[in-house]
**Student:** 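Could you have a look at this structure, given as structure tokens, before my questions?
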Amino acid sequence: MAGGPRRPEKGRVPEVTIEPDLVAESADGRFCGAVVDWDKTTVTLEDRHGARRVFDLTPAAFLIDGEPATLVRPTAAPRGPLRSASGSIAVRGARSQIAKESRIYVEGVHDAELVERVWGHDLRVEGVVVEYLEGVDHLPEIVRDFEPGPQRRLGVLVDHLVPGSKESRIAERVRSPHVLVTGHPFVDVWQAVKPSALGIEAWPEVPRGVPWKEGVLRALGSREEPGEAWRRILASVRSYADLEPELLGRVEELIDFVTAPYVVED
């Protein structure tokens, strides 16, 4: 995790094959988004806010994981359906749907960015917006103001949701047929990224009383600030295969909950 981004040798810029939901950044750093469409000469990127831009497929026109790259079209038709980063069947050229009233809330910005990284395609197809709580302590007020109902469901992803924790006690306070609070056991969503994706053996143990992110970086010998380290961690996530199953299952559960059809009982 320590050290600066690698740069290609002079005159050698790697080619990266375009695929749905590949995250790319323009070479000038002014736009970053996921691939939603392409043709013979251009590629269309969509950022996390739904804004789209079309770019020419010129050499070294993009950054992939912070490194210069040339995007190229697939050389042959893929076998079977294309898959998104979450493993779902990708819908080529799909436009973002009008946002549903139902929502998914996560604890913070890092959680939201990780969900977008892997499930962004699915959420755009379904028209589900992900927002963040800025801390689980605000959850009861947010649920009250949201006014959940049969056609206005609220799904919430919580860090460190284990029996007896503060998070579990707050979750009990908002229990409702129209609210699903679920979560993973990790202290921080960073731990939901498999260590192998980062080239480390395991996430370090951090003593009580030490800020977790800072403690992890110190134990790994990294001089990065947490924000800088997170960008590196996020860039290491290519697909659902780079995440722990404890997070994968919970996010899939939330998406199913907020998109399930409303059934009127006789």
Side-chain angles (χ1 to χ4, degrees), residues 1 23 32-34 47-50 85-86 99 102-120 122-124 128-146 148 153-162 165-174 179-195 197-198 203-204 206 208-218 220 222 224-237 240 242-255 257-258:
M1 291 174 62
V23 177
C32 182
D47 69 13
R48 62 190 300 265
H49 303 292
S86 72
S102 298
R103 290 285 188 275
I104 292 176
Y105 272 82
V106 297
E107 280 209 47
V109 176
H110 292 181
D111 306 71
E113 290 176 340
L114 187 59
V115 169
E116 165 64 24
R117 179 82 170 184
V118 175
W119 290 274
D122 307 58
L123 295 168
R124 286 189 288 274
V128 175
V129 174
V130 174
E131 301 185 33
Y132 56 92
L133 302 169
E134 296 185 344
V136 73
D137 293 337
H138 305 292
L139 182 57
E141 292 81 6
I142 286 175
V143 172
R144 184 190 64 234
D145 295 342
F146 186 81
R153 297 171 184 160
L154 183 62
V156 184
L157 181 70
V158 177
D159 297 342
H160 197 230
L161 190 64
V162 295
S165 66
K166 176 189 73 173
E167 291 81 2
S168 65
R169 292 192 293 271
I170 293 175
E172 284 296 321
R173 293 170 55 189
V174 299
V179 178
L180 174 62
V181 180
T182 186
H184 54 75
F186 308 117
V187 174
D188 190 277
V189 77
W190 286 21
Q191 286 183 294
V193 178
K194 290 181 177 178
L198 300 168
W203 287 101
V206 177
R208 284 184 175 273
V210 176
W212 191 85
K213 291 183 176 71
E214 288 79 359
V216 164
L217 294 176
R218 191 178 306 125
L220 292 173
S222 173
E224 295 172 308
E225 292 296 324
E228 183 183 1
W230 170 244
R231 288 191 292 273
R232 191 180 301 279
I233 294 168
L234 186 64
S236 73
V237 177
Y240 70 95
D242 294 319
L243 300 182
E244 299 287 1
E246 290 90 340
L247 176 68
L248 292 173
R250 303 296 76 75
V251 176
E252 297 284 353
E253 187 179 1
L254 290 173
I255 294 175
F257 177 75
V258 299

**Student:** Excluding sequence neighbours, so at least two apart, what forms salt bridge (charged side-chain N to carboxylate O under 4.0 Å, His left out) with Asp137?
**Tutor:** Lys166

**Student:** Taking NZ, NE, NH1 and NH2 as the nitrogens, is one of them in Arg124 or Glu116 under 4.0 Å from a carboxylate oxygen of the other?
**Tutor:**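 Result for this pair is yes, salt bridge flagged.
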
**Student:** Is atom CD of Glu214 surrounded by more than 12 heavy atoms (other residues, nucleotides or ligands) closer than 6.0 Å?
**Tutor:** yes

**Student:** Could you go through Trp230 and Glu224, starting from their C-alpha distance and side-chain angles, then the distance that decides it, and tell me whether this counts as side-chain hydrogen bond (donor to acceptor under 3.5 Å, both in side chains)?
**Tutor:** CA-CA 9 Å; Trp230 170 244; Glu224 295 172 308; over 6 Å; no

**Student:** Would you name the heavy atoms of Val193 and Ser236 that are closest together and state the gap between them?
**Tutor:** CG1-OG, 4.1 Å

**Student:** Contact between Pro245 and His184 at the side-chain level, heavy atoms closer than 4.5 Å - yes or no?
**Tutor:** no

**Student:** Do you know the tightest heavy-atom contact between Cys32 and Val23?
**Tutor:**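 Shortest heavy-atom separation between Cys32 and Val23 comes out as SG-CG1, 3.9 Å.
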
**Student:** Would you say that Leu234 contacts Leu114 through its side chain, given a criterion of any heavy-atom pair below 4.5 Å between the two side chains?
**Tutor:** yes

**Student:** Work out which heavy atom in Arg103 is nearest to a heavy atom in Val258; give both atom names and the distance.
**Tutor:**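 Here Arg103 and Val258 meet closest at O-CG1, 3.6 Å.
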
**Student:** Measure across Pro211 and Val206 and return the closest heavy-atom pair with its distance rounded to 0.1 Å.
**Tutor:**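 Looks like O-CG1, 4.2 Å.
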
**Student:** For Ile104 and Val251, what are the C-alpha separation, side-chain angles and deciding distance, and is it a side-chain contact (heavy atoms from CB on, under 4.5 Å)?
**Tutor:** CA-CA 9 Å; Ile104 292 176; Val251 176; 5.9 Å; no

**Student:** For the residue pair Gly155 and Leu254, what are the closest heavy atoms and their distance?
**Tutor:**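 Scanning both residues completely, I find the closest heavy atoms to be CA-CD2, 3.7 Å.
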
**Student:** For atom CD of Glu134, is the number of surrounding heavy atoms from other residues, nucleotides or ligands below 6.0 Å larger than 12?
**Tutor:** no

**Student:** Kindly compute the distance separating CG (Asp111) from CG (Asp188), expressed to the nearest 0.5 Å.
**Tutor:** 7.0 Å

**Student:** Quick one: are Val174 and Leu154 in side-chain contact, heavy atoms under 4.5 Å?
**Tutor:** no

**Student:** Between atom CH2 of Trp119 and atom CG of Leu248, what is the distance when rounded to the nearest 0.5 Å?
**Tutor:** 5.0 Å

**Student:** With a 3.5 Å distance limit and no angle check, can you tell me whether Arg117 reaches the backbone of Val237 through a side-chain donor-acceptor pair?
**Tutor:** yes

**Student:** Taking all atoms of both residues into account, what is the closest heavy-atom pair of Leu198 and Ile233, and its distance?
**Tutor:** CD2-CA, 3.8 Å

**Student:** What orientation do Trp212 and Trp203 show, parallel under 30°, tilted 30 to 60°, or perpendicular over 60°?
**Tutor:** tilted

**Student:** Taking the side chain as every heavy atom from C-beta outward, state whether Arg218 and Val210 have any atom pair closer than 4.5 Å.
**Tutor:**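 When only atoms from C-beta onward are counted, Val210 and Arg218 do touch, with a gap below 4.5 Å.
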
**Student:** Charged N to carboxylate O under 4.0 angstrom, Glu253 versus Arg250?
**Tutor:** yes

**Student:** Run through Val162, Leu161, Val158 and flag the one making a side chain to side chain contact (heavy atoms under 4.5 Å, CB included) with Ser168.
**Tutor:**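 So, applying the side chain to side chain contact (heavy atoms under 4.5 Å, CB included) to Ser168 and each of Val162, Leu161, Val158, only Leu161 qualifies.
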
**Student:** For the backbone of Arg153 and the side chain of Ser102, can you confirm whether one donor and one acceptor N or O come within less than 3.5 Å of each other?
**Tutor:** yes

**Student:** Measuring from Asp122:CG to Glu252:CD, what's the distance to the nearest 0.5 Å?
**Tutor:**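 Rounded to the nearest 0.5 Å, the CG-CD separation comes out at 6.5 Å.
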
**Student:** Rounded to the nearest 0.5 Å, what separation is found between the CD atom of Glu107 and the CG atom of Leu139?
**Tutor:**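 If we round to the nearest 0.5 Å, Glu107:CD and Leu139:CG are 9.0 Å apart.
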
**Student:** Please name all residues satisfying ring-ring contact (aromatic ring centres under 6.0 Å, His included) with Phe257, sequence neighbours left out, ordered by chain then number.
**Tutor:**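 With neighbours one apart ignored, the set is empty.
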
**Student:** Between Ile255 and Val128, is any pair of side-chain heavy atoms under 4.5 Å apart?
**Tutor:**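 Counting from C-beta outward, Ile255 and Val128 never come under 4.5 Å.
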
**Student:** Are any side-chain N or O atoms of Gln191 and backbone N or O atoms of Phe186, one a donor and one an acceptor, separated by less than 3.5 Å?
**Tutor:** no

**Student:** Nearest 0.5 Å, please: how far is CZ in Arg169 from CZ in Arg173?
**Tutor:**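 If I round to the nearest 0.5 Å, the distance is 10.5 Å.
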
